[in-house]
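Have a look at the structure below before the remarks.
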Amino acid sequence: MKKYFFLSLLSFCLSLFAWAGDEFSYEDVFKTLKLPPTFSIDPEGARDGGPALMQSKQPDDKHQFLVLHAFKPEYPKYQFGGWVRVDPELTGSRDAAGFFMQTSGIDGMQRSYYIGGAGDAGRVLPADGTWQYVEAVLEIPDEAVYVQFGVSFRGGLSRTKGKYWVDGAFVKPLPMDQASASVAVRHPLGGRLVGDSTVNVRVEGSFFGTYGEDMNDFFKVIELGEGDHVIRRVYHIDEAIEFELSPADYPTGVDIPIRFHLEEKESGKVRSEIASTSLRRVEIDPANSVTVDERGRTLVNGQPFMPIGLYMGVENRVDTLMTEHFELIADSDFNTVKPNTILKSSILRRERTAEEILAIFDELEAFGLKCVLHISNVKDFRDDAHRKKYLGMSYNAVEKWQGLEGSNAILRKVVETLKGHPALLAYYTGDELRYSWKDVLVEKRLLLREIDPSRPTWGVFMHMHLIPRMLDCYDIIGVDPYPIRPFYGSIGEVQKWAWEANRSGWPHWDVPQLHNFGQYNSAPRRYQDDPEAFKQRDQRAPNLDELKAMVLTMAVEGSKGFLFYAYNGLLFEAPTIGETFEQRWQDAKDVATLLKHLEPFIMSDHDREEISWVRGNPDVVGTRMLADDGREAVIVVNMVNQTREVVFRVSSSVQPEVVSGHRVVMSPFDGGYELTWSSDLVDSLVLQISDTES
């Protein structure tokens, strides 16, 4: 408690000081502030001989850090750093001395980033007493409510010994060095122009200039094609534009870039250029293909298909093969799986052969299940923020496969092995990856489009502000808000994220939460003998009403696919928290059944309609959906755990049928019905109307 009181007091005191420009004046800031014991001002320690902040630490000293500035973020990225000088005595393989930035979010979680020192998140500095300039860029998560910037020792705290000095500390919004744009290409799937027919292209541009600049000084430009083959160039894009693209514009197998940039009016200089997406005319087998139409609907062999799926990773936790669960899943309304462990088996303790993988796909086909192939765990190393990372999941990742090395060589072999299989639905190429991976993801997308033009790529975002800037990374996008966890938001978070995905114009399959987030945060094995203690930590899985509200909110916001995370959560969490797999699985199946019932409405060839609200509420969202056979469905969702009541009307000669939900009162009104629906908690209402009047 004393620690938190001290930090709160320190942050409050620092908030009283304004910072001049980008740098802090330590002499001004600290002359009225009592420093922690290990911190002091060295009067002649700065690079110019003036005062500098110094921390001196012995192995027995308690770890302390100092917040220089705390603020609410207003921009998506901040640059921070300064100069650091390290005493030669600083030792320890994981010791770090220098600057940190830490974000705290509405979920109560803190995320820190360190620079200026050794350690897995820091930069190694020579301990020779020379000044070193260090800086970094922090992308602010959407859920961050405040940011702290400061200095600290980190790692190996019991043995850390030495001194370091900091000078010229700064933190500032990073200039927007890119145009942010969204593009909706209305044709069969994500950049693929199929066959010889003329296609319509629709482009919507949203642009942001450099921080502090006047957008009136720039032209906003969208350009289709490049070099000597520019098909269309349009200035001042404030509204969507549409145009036709004929087979004569580009031959088969040639990429057609769609570029967005800002152009200075006076000089003509191009600023903030991005290649947002590209088109390619391809040849595919229409009898064995997966495409997406102009409404964002997935088409399998030309017929609408709505994925109702499950992430799977069951091999990692129990001694059983994932194939033993396919029959159970197939005996439900789930129709798709996304196993995380196809290429490598934990049980076999080796990479699977091509023959073994094909056998799994044959089994999926026999059960009538589609598979999203998880290939983001093929290692593709990049030096990201001074740490070696690789694309995708950390478990069961492969560096070599079938005698091949290198991610592109492995991907080519895997895809060539499976690309004609009827159970293959799509390729999963990115799981919650940051902007620093954009070039890799674009490379993978183009490679896969070259090898297998008959299947799309899919990737999931966990930061909304990245969606418009990374649309060219995937053919289909998704979001995974996961709202049911301590100190987090409501189903309204799902609505916000799904709305952003839909606003991009890209087709999206979204990821509802099925798991208990406590499995990640609370070391659940400690509570196996005491489920009540686990529950008291407010760690739980979504209940049935919350599950329905999540998927229905996604449907309201345009989702055409739902892949739940995760089936393995049902297997391993339930015993820990005193539940059974059967209980949790039944809830999952009930939601899949509801989605299957709504599939004709979600996947219809009709636009959504507004609900005729008599009295609405911002916490309640809804829509009307028309099926191709003339039936109508009305979906209404209360997104908060508070009492909400709404009143709306429907035109129908027969009373609507309640498919899901309760506490609704219907009264005949002027050729239809007026409905009053109230809810005390997160809940949803689904109505079906068989006889409608327009």
Side-chain angles (χ1 to χ4, degrees), residues 296-297 306-310 333-335 478-484 489-502 508-514 541-565 587-604 606-611 613 616-627 631-642 644-646 648 650 656-664 675 677-689:
R297 301 179 299 179
M306 187 173 78
I308 307 174
L310 294 159
D333 286 306
F334 286 101
N335 57 25
V479 294
D480 54 358
Y482 302 155
I484 309 304
S490 65
I491 304 298
E493 295 298 312
V494 175
Q495 187 269 337
K496 181 171 64 175
W497 291 34
W499 177 87
E500 186 70 32
N502 198 52
H508 56 115
W509 304 341
D510 296 323
V511 186
Q513 177 186 353
L514 196 60
N543 58 40
L544 180 57
D545 288 334
E546 289 165 337
L547 279 173
K548 290 180 179 179
M550 268 188 279
V551 299
L552 293 174
T553 298
M554 290 172 174
V556 166
E557 297 302 337
S559 180
K560 300 293 196 299
F562 309 84
L563 285 95
F564 293 74
Y565 189 88
D587 284 352
K589 290 195 298 182
D590 287 348
V591 177
T593 298
L594 177 60
L595 284 172
K596 188 66 178 178
H597 181 86
L598 290 172
E599 183 175 9
F601 304 95
I602 296 174
M603 301 291 285
S604 76
H606 292 275
D607 293 333
R608 304 290 174 83
E609 301 286 345
E610 292 288 333
I611 291 179
W613 297 105
N617 189 282
D619 295 325
V620 178
V621 295
T623 192
R624 295 169 53 214
M625 300 179 180
L626 303 176
R631 292 177 299 155
E632 179 180 349
V634 177
I635 298 175
V636 184
V637 182
N638 176 21
M639 302 184 294
V640 296
N641 281 312
Q642 299 178 30
R644 295 291 183 263
E645 183 176 275
V646 293
F648 58 96
V650 298
E657 170 194 356
V658 178
V659 176
S660 179
H662 53 279
R663 298 184 65 177
V664 58
L675 295 87
W677 180 65
S678 60
S679 172
D680 298 330
L681 300 169
V682 167
D683 202 356
S684 55
L685 173 69
V686 178
L687 303 174
Q688 181 173 308
I689 305 170

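Looking at Asp333, its side chain never comes within 3.5 Å of a backbone N or O of Ala592 through a donor-acceptor pair. With hydrogens and angles disregarded, no donor-acceptor distance shorter than 3.5 Å links the side chain of Asp683 to the backbone of Ala549. Distance alone, capped at 3.5 Å, places no donor-acceptor pair between the Trp497 side chain and the Gly492 backbone. A donor-acceptor pair under 3.5 Å is formed between the side chain of Ser604 and the backbone N or O of Leu626. Here the side chain of Asn641 pairs a donor or acceptor atom with the backbone of Val682 at under 3.5 angstrom.
Separating the NE2 atom in His508 from the OG atom in Ser559 is a distance of 5.5 Å, to the nearest 0.5 Å. Taken from OH in Tyr565 to CG in Leu514, the straight-line distance is 11.0 Å, to the nearest 0.5 Å. Taking CZ from Phe648 and CG from Leu685, the interatomic distance works out to 5.5 Å, rounded to the nearest 0.5 Å. Taking CG from Asp510 and CG from Asp480, the interatomic distance works out to 9.0 Å, rounded to the nearest 0.5 Å. One distance of note links CG of Leu595 with CZ of Phe564; it measures 5.5 Å at 0.5 Å rounding. To the nearest 0.5 Å, the span separating CE on Met639 from OG on Ser684 amounts to 12.5 Å.
Judged as a salt bridge (charged side-chain N to carboxylate O under 4.0 Å, His left out), and not counting sequence neighbours, Asp590 has no contacts. Residues passing the ring-ring contact (aromatic ring centres under 6.0 Å, His included) test with Trp509, sequence neighbours excluded: Trp458.
In this structure, the side chains of Val659 and His597 come closer than 4.5 Å at one or more pairs of heavy atoms. Phe562 is not listed as a side-chain neighbour of Met550, based on a closest heavy-atom distance of 4.5 Å or more. Looking only at side-chain heavy atoms (C-beta outward), Met625 and Glu632 stay at 4.5 Å or farther from each other. In this structure the side chain of Val634 never reaches within 4.5 angstrom of the side chain of Leu675, judged on heavy atoms. Side-chain contact between Leu594 and Leu552 is present, with heavy atoms from C-beta onward closer than 4.5 Å.
Taking both residues in full, the closest heavy atoms of Ser490 and Pro483 are given as O-CB, 3.5 Å, listed atom of the first, atom of the second, then distance. Closest heavy-atom contact between Thr623 and Glu609: OG1-O, 3.4 Å. Trp613 and Gly622 get closest at one heavy-atom pair: CZ2-N, 4.4 Å. Contact between Asp587 and Leu544 at its shortest, heavy atoms only, is O-CD1, 3.7 Å. The two residues Pro542 and Gln513 make their nearest non-hydrogen contact at CG-O, 3.3 Å. Between Ser678 and Glu645, the shortest heavy-atom distance links the atoms CB-OE1, 3.8 Å.
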Check: Could you go step by step and tell me if Met306 and Leu598 meet the side chain to side chain contact (heavy atoms under 4.5 Å, CB included) rule?
Finding: CA-CA 10 Å; Met306 187 173 78; Leu598 290 172; 5.9 Å; no
Item checked: Stepwise side chain to side chain contact (heavy atoms under 4.5 Å, CB included) test for Leu687 and Val658 -> CA-CA 5 Å; Leu687 303 174; Val658 178; 3.8 Å; yes
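For residues 543-565, the set of pairs meeting the salt bridge (charged side-chain N to carboxylate O under 4.0 Å, His left out) definition, not counting sequence neighbours, comprises Arg540-Glu546.
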